[in-house]
> 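Just dropping this structure here.
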Amino acid sequence: ATQLILAVALPYFLLLVVLGVRAMRAHSGSLLAQETTAAWLRRRDRVSSPLDRAYPPGFELYVLVPCLHEAVVISATVDRLLDEPGAHIVVIDDGSTDATGAQALAAADRRWARDRVHLLRRDLPQARQGKGAALNAGLEYVRAQVELHGGEADRTVICVMDADGRLSPGAAAGALA
């Protein structure tokens, strides 16, 4: 009986895998697009998750993402960071010659979150002075934003994420809880 079940189940499983891969490729073409689609489906179908928690009242979260020639990965990173409720993402494009900045803003537009994604473009000769210089420019930008909007520096949390990094869902909210 067990062999009969395996003889029927295994080909059925393989058929479903092949059809699923074909459907995803026909729909979206690339593995990155497939990952983005899968993430959207997970968000759509979730009932409760760590993302449902908010930070303590009055705190602002800014995530600095320094990048140079990261057009291939920045869109997925911005999309994942936008899962953090209320987080502001500051993409620091340190003089890229590819479409890094455009990809970051396109990710924000797809999520209707342009107000939460800030692109700080550094051009030569200030650009390409190292990650520290890019992060310092991002920190100055955040300070100016907090002051402009009447925020409090001691209630502003600043995180740093690599352009190809992944933040666990709800990590920032969990750290502030």
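Position 1 is the first residue of the sequence, and the numbers go up from there.
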> Using 30° and 60° as the class limits, which term best fits the ring planes of H118 and H88: parallel, tilted or perpendicular?
tilted
> In the structure I gave you, are the side-chain heavy atoms of T77 and R80 within less than 4.5 Å of one another anywhere?
yes
> Starting from L139, can I reach V90 by hopping between I/L/V/M/F/W/Y residues whose side chains sit under 4.5 Å apart?
yes
> Among residues at least two apart in sequence or on other chains, which ones pass side chain to side chain contact (heavy atoms under 4.5 Å, CB included) with D164?
V73, D162
> Please report the shortest heavy-atom distance between R166 and M161, naming the atom on each side.
N-SD, 3.8 Å
> Looking only at non-hydrogen atoms, find the nearest pair between T100 and C67 and report the distance.
CG2-SG, 3.5 Å
> Spell out, yes or no, whether V117 and L61 are grouped together once hydrophobic residues are joined by side-chain heavy atoms under 4.5 Å, including indirect joins.
yes
> Please report the C-alpha distance between R111 and D83 in whole Å, then the side-chain angles of each, then the deciding distance to 0.1 Å, and finally whether the side-chain contact (heavy atoms from CB on, under 4.5 Å) criterion is met.
CA-CA 10 Å; R111 298 276 300 265; D83 286 341; 3.0 Å; yes
> Are I158 and I92 connected in a single hydrophobic cluster, I mean Ile/Leu/Val/Met/Phe/Trp/Tyr linked by side-chain heavy atoms less than 4.5 Å apart?
yes
> Closest heavy-atom contact between A104 and V91?
CB-CG2, 3.9 Å
> Mind checking whether V160 and I74 sit in one hydrophobic cluster, side chains of I, L, V, M, F, W, Y counted as touching below 4.5 Å?
no
> Test side-chain contact (heavy atoms from CB on, under 4.5 Å) on V146 and Y62 and set out the steps.
CA-CA 10 Å; V146 169; Y62 285 84; 4.0 Å; yes
> With a 3.5 Å distance limit and no angle check, can you tell me whether R121 reaches the backbone of G101 through a side-chain donor-acceptor pair?
no
> Does R116 reach the side chain of L82, with side-chain heavy atoms less than 4.5 Å apart?
yes
> What are the two closest heavy atoms between A134 and P66, and how far apart are they?
CB-CB, 4.2 Å
> Please list, chain by chain and in numerical order, all residues satisfying salt bridge (charged side-chain N to carboxylate O under 4.0 Å, His left out) with R114, sequence neighbours excluded.
D109
> In Å and rounded to the nearest 0.5 Å, what is the CG to CD1 distance from L81 to I89?
5.0 Å
> Should L135 and Y141 be regarded as members of a common hydrophobic cluster, given that ILVMFWY residues are connected when their side-chain heavy atoms come within less than 4.5 Å of each other, either directly or indirectly?
yes
> Enter the distance from H69:NE2 to D93:CG here, rounded to the nearest 0.5 Å.
8.5 Å
> Taking all atoms of both residues into account, what is the closest heavy-atom pair of R122 and D94, and its distance?
NE-OD1, 2.7 Å
> Search all heavy atoms of E70 against all heavy atoms of A163 and return the closest pair with its distance.
CG-CB, 3.5 Å
